[in-house]
There are 2 protein chains.
Amino acid sequence: MSMVSIKDVAARAGVSPGTVSNVLNRPEKVAGSTRDRVETVIRELGFVRHGSASTLRAGHSRTVGLSVMDIGNPFFTDVAAGVEDLASERGYAVILGNSSGSRVKEERNLLVFAEQRVRGVLITPSDEDQTRLDMLRGRGIAVVLVDHPAERADQCAVAVNDVTGGTMAVDHLLAGGFDSIAYITGPSSLRQCQDRRRGAERALAAAGRDPQELREVSMPAMTAAAGQQAAEKLLAQDRLPDALFCANDLLAVGMLRGLLQGGVRVPDDVSLIGYDDIDFASATTVSLSSIRQPTYQLGRVATELLLDECDNPDTHAHQQIMFQPDLVVRESTR
Amino acid sequence: MSMVSIKDVAARAGVSPGTVSNVLNRPEKVAGSTRDRVETVIRELGFVRHGSASTLRAGHSRTVGLSVMDIGNPFFTDVAAGVEDLASERGYAVILGNSSGSRVKEERNLLVFAEQRVRGVLITPSDEDQTRLDMLRGRGIAVVLVDHPAERADQCAVAVNDVTGGTMAVDHLLAGGFDSIAYITGPSSLRQCQDRRRGAERALAAAGRDPQELREVSMPAMTAAAGQQAAEKLLAQDRLPDALFCANDLLAVGMLRGLLQGGVRVPDDVSLIGYDDIDFASATTVSLSSIRQPTYQLGRVATELLLDECDNPDTHAHQQIMFQPDLVVRESTR
DNA sequence: GACACTGATTAAAACGTAACAATCACAGAT
DNA sequence: ATCTGTGATTGTTACGTTTTAATCAGTGTC
């Protein structure tokens with residue numbers, strides 16, 4: 001219980017608390033001999049800096065917040081891996097918040113970030129409401145959008161072109177000669193879902209077809225469980241589409257499971273393509289065609305921008321980066 | 001930039017800072033009318049409590065640390081979901097640290113936890129070294145072991161019986177009449193890997209066979225990539241085993257992929273069983289038999305114990321909880 | 001021997017909050 | 001009119017660190 005403070009270290013080493021603080025934060029300012037002495041005492045006493053006291057006095061912490069929509073989705077864990085790698089290289093700690101797609105949970109996470117006085121926040125926003133983010137910025141907290149393009153120029157953002165991705169997916173399905181195509185999607189409030197749909201419609205239009213004929217099955221979540229329910233919905237209808245475009249791989253995995261259980265053969269009866277190209281996509285019953293995104297890079301680059309904004313606020317120039325997705329063809333569309 | 005503090009709120013509401021603090025922490029101590037007034041001012045000014053100042057003064061924070069071995073493994077994200085759900089129900093925030101199986105990263109995460117003065121730590125330890133955990137306890141930080149039994153009685157721990165699980169898996173394989181069985185495992189330093197092996201050997205012994213005949217392929221990581229490499233190793237050997245027991249499902253997924261690519265049929269040529277029963281296990285090319293663990297519960301119960309130790313330190317009694325695993329049979333062992 | 005200069009160290013003042021003892025206002029009892 | 005008790009509020013102190021200005025001890029110069 002007896003916390004050892006910077007004063008205890010100072011007393012034991014025969015220096016002032018200020019010197020110990022210098023050893024910790026500006027080692028070059030203190031003479032080699034005293035530095036060594038202080039460092040041994042720190043080790044002897046097992047001193048650990050009180051982060052809160054430090055943050056309070058310094059006015060800022062060495063942590064960043066990361067808010068993701070679904071920690072159970074490998075897409076986001078890959079992003080998180082990229083964030084954490086770069087952050088810890090730069091000596092920052094990451095506080096991870098999972099909103100599970102719920103607005104209130106996201107709000108609560110942002111509140112925690114604000115209370116902890118994180119240096120910056122990386123967020124995959126679950127809606128288009130910018131006011132909460134502006135609130136953070138007003139508090140001097142840098143905000144970078146992840147997997148979301150910026151509609152304004154006064155912020156950094158890193159995204160992947162989802163319209164292009166949607167077009168790629170449906171172009172690929174159309175090339176297979178499929179007639180009726182359905183789009184299996186999550187909440188239509190999600191920009192990702194909207195954009196991928198727009199891309200899909202664009203592909204139809206480019207092929208000289210009516211974008212309106214794209215059937216849609218919308219689910220409240222983008223999980224495997226939701227995908228399976230979508231399959232049941234589809235099977236209950238009279239006529240099955242020829243090809244399915246799922247808004248992410250989890251939906252596709254669940255859809256695949258549901259279809260097979262319903263006796264539908266993939267790709268013989270129905271073709272199927274997902275989105276994200278998560279690691280498991282190549283391991284499913286029928287391996288999944290998908291749209292690959294540079295996921296890890298997404299997290300890493302976003303963090304790069306965030307830390308630049310934090311550490312060089314004067315020279316920092318906001319950037320909006322847009323990656324391009326890739327088509328990965330596997331069995332489910334052969 | 002201009003941070004609004006408790007004093008600003010107090011001035012605007014015409015009360016003392018102490019009263020504002022009371023509104024925040026012991027609302028029942030303050031008269032209804034003043035409470036309402038203060039609360040409106042808080043909203044008007046957009047005041048957010050300075051968590052660091054609060055922690056510094058109060059001597060403890062409202063956060064717990066969670067250190068997992070591999071955030072890319074669905075097993076751990078399920079555990080994390082359980083932890084986060086209960087923690088946020090109780091008003092605690094979770095700081096998630098991913099050690100990626102590296103001892104130094106785990107150490108670094110624990111240091112961050114100590115600096116942040118978290119109230120408690122939940123950890124899936126990556127080795128048997130208790131000194132670092134005792135160090136935390138010495139600082140007044142509660143520690144609960146997750147997915148790891150306690151060898152001492154002075155701590156809480158929540159685990160699943162891995163020896164039983166290993167026995168179940170190999171019992172099941174033996175019941176299929178398989179002759180030569182191999183154990184595909186991660187680092188042998190991991191208790192999980194050891195215990196599951198012991199369980200496997202026990203099953204062999206109980207069947208009147210020599211436990212020594214269990215072949216072993218040990219990989220440095222427990223990922224799908226490692227599983228695929230293990231498959232290549234196995235295929236390079238002259239004779240393939242009849243059945244494979246993989247120490248977790250990620251290894252099994254990779255193994256499955258590797259075997260199929262090598263032209264080996266599952267389960268016709270080789271039977272395969274994994275461990276954890278992650279969500280994807282039922283969606284793989286050949287659906288995976290596995291050993292199911294109460295993963296979400298593991299995280300939830302561990303957090304329950306941790307918060308009890310934090311909030312009721314005097315009445316708290318340390319508990320060691322051991323869950324039992326279940327066998328799930330699917331195609332890969334039919 | 002006084003001087004300025006340099007590099008190393010220190011003393012002291014914050015940072016925003018929680019907690020405790022002290023004060024206050026006021027009603028009811030004597 | 002005084003006292004007591006109660007509930008509401010306030011003043012003050014301390015938490016552990018960082019930071020700035022001030023002090024100190026040398027070293028070399030004129």
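By convention in this document, chain letters (A, B, ...) are assigned in the order of the sequence lines, proteins followed by strands, and residues within each chain are numbered from 1.
For residues 6-29 of chain B, the salt bridge (Lys or Arg N to Asp or Glu O under 4.0 Å) pairs, not counting sequence neighbours, are R12(B)-E44(B). Every pair passing salt bridge (Lys or Arg N to Asp or Glu O under 4.0 Å) that includes a residue from residues 57-85 of chain A is listed here, sequence neighbours excluded: D85(A)-K105(B).
Of the residues in residues 21-38 of chain A, those placing a heavy atom less than 4.0 Å from an atom of DNA chain D are S21(A), N25(A), R26(A), in numerical order.
Residues forming a side chain to side chain contact (heavy atoms under 4.5 Å, CB included) with T34(B) (at least two apart in sequence, or on another chain): V30(B), A31(B), R37(B). Every residue two or more places apart in sequence or in another chain that forms a side chain to side chain contact (heavy atoms under 4.5 Å, CB included) with E89(A) is listed here: L86(A), R300(A). The salt bridge (charged side-chain N to carboxylate O under 4.0 Å, His left out) test applied to D308(A) returns no partner, not counting sequence neighbours. For the side chain to side chain contact (heavy atoms under 4.5 Å, CB included) test, residues two or more places apart in sequence or in another chain that qualify with P27(B) are R35(B). For M135(B), the side chain to side chain contact (heavy atoms under 4.5 Å, CB included) partners are R139(B), not counting sequence neighbours. Evaluation of the ring-ring contact (aromatic ring centres under 6.0 Å, His included) rule for H316(B) yields H318(B) as partners, not counting sequence neighbours.
Contacts between chain B and DNA chain C, taken as any atom within less than 4.0 angstrom of a protein heavy atom, begin and end at dG16(C) to dA19(C).
N109(B) contributes a side-chain N or O that, together with a main-chain N or O of N98(B), makes up a donor-acceptor pair within less than 3.5 Å.
Look at NE2 on H60(B): it is 16 Å from C1' on dG16(D), rounded to the nearest Å.
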Indicate every side-chain donor-acceptor pair of residues 112-124 of chain B with a distance under 3.5 Å to a residue at least two apart or in another chain.
from    : atom 1 : to      : atom 2 : distance (Å)
R117(B) : NH1    : R49(A)  : O      : 3.4
R117(B) : NH1    : A114(B) : O      : 2.8
R117(B) : NH2    : V48(A)  : O      : 3.3
R119(B) : NH1    : Y92(B)  : OH     : 3.0
R119(B) : NH2    : C310(B) : O      : 3.2

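Among the protein residues, V15(B) comes within range of the sugar-phosphate backbone only, with heavy atoms under 4.0 Å from sugar or phosphate atoms but none that close to a base. Using a 4.0 Å heavy-atom distance criterion, T19(A) is classed as a base contact.
Recorded end-axis angle for the helix from dG1(C)-dC30(D) to dT30(C)-dA1(D) stands at 70°, based on five pairs per end and rounded to 10 degrees.
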